[in-house]
Protein chains: 2
Amino acid sequence: MPTARPERGMPTPPGRRPRKAAAPRRQLTQEAVVETAIRVLDAEGLEAVTMRRVAQELGTGPASLYAHVSGKDELRELMLDRVAADIRVPVPDPERWQEQLKDLAREIRRVYISHRDIAMVSMGLIPTGPHLLDVAEAQLALMRAGGVPKNIAAMAVDTLGMFLDADAVEGTIYYAKTPAGEDPHAFFEEYFGQFREYFAALPADRYPVLTGMVRELTDADDDGRFEFGLDLIVRGIASYVEDGERPG
Amino acid sequence: MPTARPERGMPTPPGRRPRKAAAPRRQLTQEAVVETAIRVLDAEGLEAVTMRRVAQELGTGPASLYAHVSGKDELRELMLDRVAADIRVPVPDPERWQEQLKDLAREIRRVYISHRDIAMVSMGLIPTGPHLLDVAEAQLALMRAGGVPKNIAAMAVDTLGMFLDADAVEGTIYYAKTPAGEDPHAFFEEYFGQFREYFAALPADRYPVLTGMVRELTDADDDGRFEFGLDLIVRGIASYVEDGERPG
DNA sequence: ACCTGAACACCGTTCAAGT
DNA sequence: ACCTGAACACCGTTCAAGT
């Protein structure tokens, strides 16, 4: 016989404690916790994703989350892996592995940036989640298909990962700094303009080279910078392909 | 007439409140605050550098710091710039600018890593402090001496900076994770060994490439990885030197 | 087994009040 | 002018107690 439950609409009989109204007792799951955390992330950034905030969003207290997640660090890793599930990976074509690797890098960047500063979690993290490993597998598969030696591919996946993390963090940090309610783009323009002025006002005798290229340094073309670094890295990796292993 | 001060050794006369014993009233300065913060950083890592902790170390309350520093973010930036003062920069020799740029990168890495996870502060920060700008000036001077065009040098200093930050953060994050009192090296070995096992146990049908190179991927040669990435970037930069501009 | 309230030991920052 | 105590509005995590 299961515990008796009060029927809907019935008042609590005298002497029996009320069952805390209509607390829906919606089952908490790890999935629900992670999804809620990502909603907070998308709306307010990684800093706003606190155990207390996520719990509040789920209508409970912070202690309740610890049944589904070992702590804040694990929650962050689970969030990252869930986000990584959206990254579409290619089937390797040995003829054009370099362009495919660049496209994959662009796809990773797109997905990361669409979730605010989530890339911060990836920084210095050894990937263990299934989806993060899918992405690593895809990068390695492309390089191996292109004839990149194993030891080079192993280091290259790390270098490329560092570049992607650093770029995504850099790209969202100003966005994250935008005061609530202000237009991020306008804030960004204003913010960057101040730096241009600051650099222009620097003493030319101490910083002769820098002051001679203020325009180039403050031309904030994010996509251009990303493509520049990506090209450097991919070309560098390709230079390690041994002649005998080169496809085609 | 200045306020009367009690002479040394004299007791407090009746009816006058004692002046809080021998509180040395050692003048707080921004320098003292920053130096103390760096001492905490070196001893316990960046996370331990809180306003309250630094204040405590100075024998005062957290509110007192706000007269010398606008807040925690500014304190972190001041710490980074003070650390950057220890980076020795070269006089450019156009004949060997690439090796000089690599040496400078190694020097930056050395100094950063000697101050725990300070590189985290550099991440996504536009340098404004005098010493950080000295380092940027030196990098740009080397590239310009080598004949790298302005627009390329401007992007390259950014790419190299991202690489250095990401590497230094990655290199210290496990160190930072070491439980207090445990030997970092032993902890690191143990920690890494677990990942090796984990990767080896991965399903080979889903991760065929990855499981085929577990040894290469978990061969944690930090210096090797750094040199690999550094070489990629410097060679890439050098490829943009126009023939007419190449020195020698 | 799962969930919770309350507590513990922290945060950064503000501000009125003191000297 | 500089410094401070106290307060405000937060943190992550633990744990005994409940159902």
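A note on names: the letters A, B, ... follow the listed sequences, proteins ahead of strands, and every chain is numbered from 1.
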Legend entry - A/Glu47 CD - D/dG12 C1' separation (whole Å): 15 Å
Legend entry - Listed once per pair and sorted, the side chain to side chain donor-acceptor pair (under 3.5 Å) pairs that draw on residues 113-124 of chain A, sequence neighbours left out: A/Asp42-A/His115, A/Ser122-A/Asp165
Inset, instruction - Provide, to the nearest angstrom, the distance between the CD atom belonging to B/Glu74 and the P atom belonging to C/dG12. - result: 15 Å
Legend entry - Atom pair distance, as rounded to whole Å: CD in B/Gln30 and P in D/dC2: 12 Å
Legend entry - Flag, side chain of B/Arg225 to backbone of A/Met155, donor-acceptor distance under 3.5 Å: no
Inset, instruction - Rounded to the nearest angstrom, tell me the gap between atom CD in B/Gln56 and atom P in C/dC11. - result: 8 Å
Inset, instruction - Would you confirm whether B/Glu74, through its side chain, and B/Val69, through its main-chain N or O, come within 3.5 Å as a donor-acceptor pair? - result: no
Legend entry - Nucleotide C/dA1, atom C1' - distance to CG of A/Leu28 in whole Å: 13 Å
Legend entry - salt bridge (Lys or Arg N to Asp or Glu O under 4.0 Å) between A/Arg206 and B/Glu137, worked out: CA-CA 9 Å; A/Arg206 182 166 179 177; B/Glu137 170 77 13; over 6 Å; no
Inset, instruction - Examine D/dC3: is either OP1 or OP2 under 4.0 Å from a nitrogen or oxygen in the side chain of B/Gln27? Give yes or no. - result: yes
Legend entry - Distance between C1' atoms of C/dA17 and D/dC2 (Å, rounded): 13 Å
Inset, instruction - Could you measure between the two C1' atoms, the one in D/dA9 and the one in C/dC10, and give it in whole Å? - result: 13 Å
Legend entry - Nucleotide D/dT13, atom P - distance to NZ of A/Lys72 in whole Å: 8 Å
Inset, instruction - Using whole Å, report how far CE of A/Met51 lies from P of D/dT13. - result: 6 Å
Legend entry - Short side-chain N/O contact to D/dC10 OP1/OP2 from A/Thr50, under 4.0 Å: no
Legend entry - Residue-level proximity of residues 61-69 of chain A to DNA chain C when a heavy atom falls under 4.0 Å: A/Ala63, A/Ser64, A/His68
Inset, instruction - Stems involving DNA chain C: give each as a range paired with a range, ordered by first number, where a stem means at least three consecutive Watson-Crick or G-U wobble pairs under 3.5 Å. - result: C:4-8 with D:12-16, C:12-16 with D:4-8
Inset, instruction - To the nearest 0.5 angstrom, please state how far the CD1 atom of A/Ile126 sits from the CD atom of A/Glu77. - result: 10.0 Å
Legend entry - Whole angstrom value for the distance that separates P of C/dG5 from CZ of A/Arg52: 12 Å
Inset, instruction - Apply the test ring pair (Phe, Tyr, Trp, His ring centres under 6.0 Å) to residues B/Tyr207 and B/Phe199: give CA-CA distance (whole Å), side-chain angles for both, the deciding distance (0.1 Å), then the verdict. - result: CA-CA 10 Å; B/Tyr207 308 107; B/Phe199 283 125; 9.1 Å; no
Legend entry - Main-chain N/O of A/His68 paired to A/Gln30 side chain as donor or acceptor, under 3.5 Å: yes
Legend entry - Approximate separation, where rounding is to 0.5 Å, of A/Asp222 CG and A/Phe188 CZ: 5.5 Å
Inset, instruction - Among A/Ile118, A/Val54, A/Thr36, find the residue that satisfies the side chain to side chain contact (heavy atoms under 4.5 Å, CB included) test when tested with A/Leu41. - result: A/Ile118
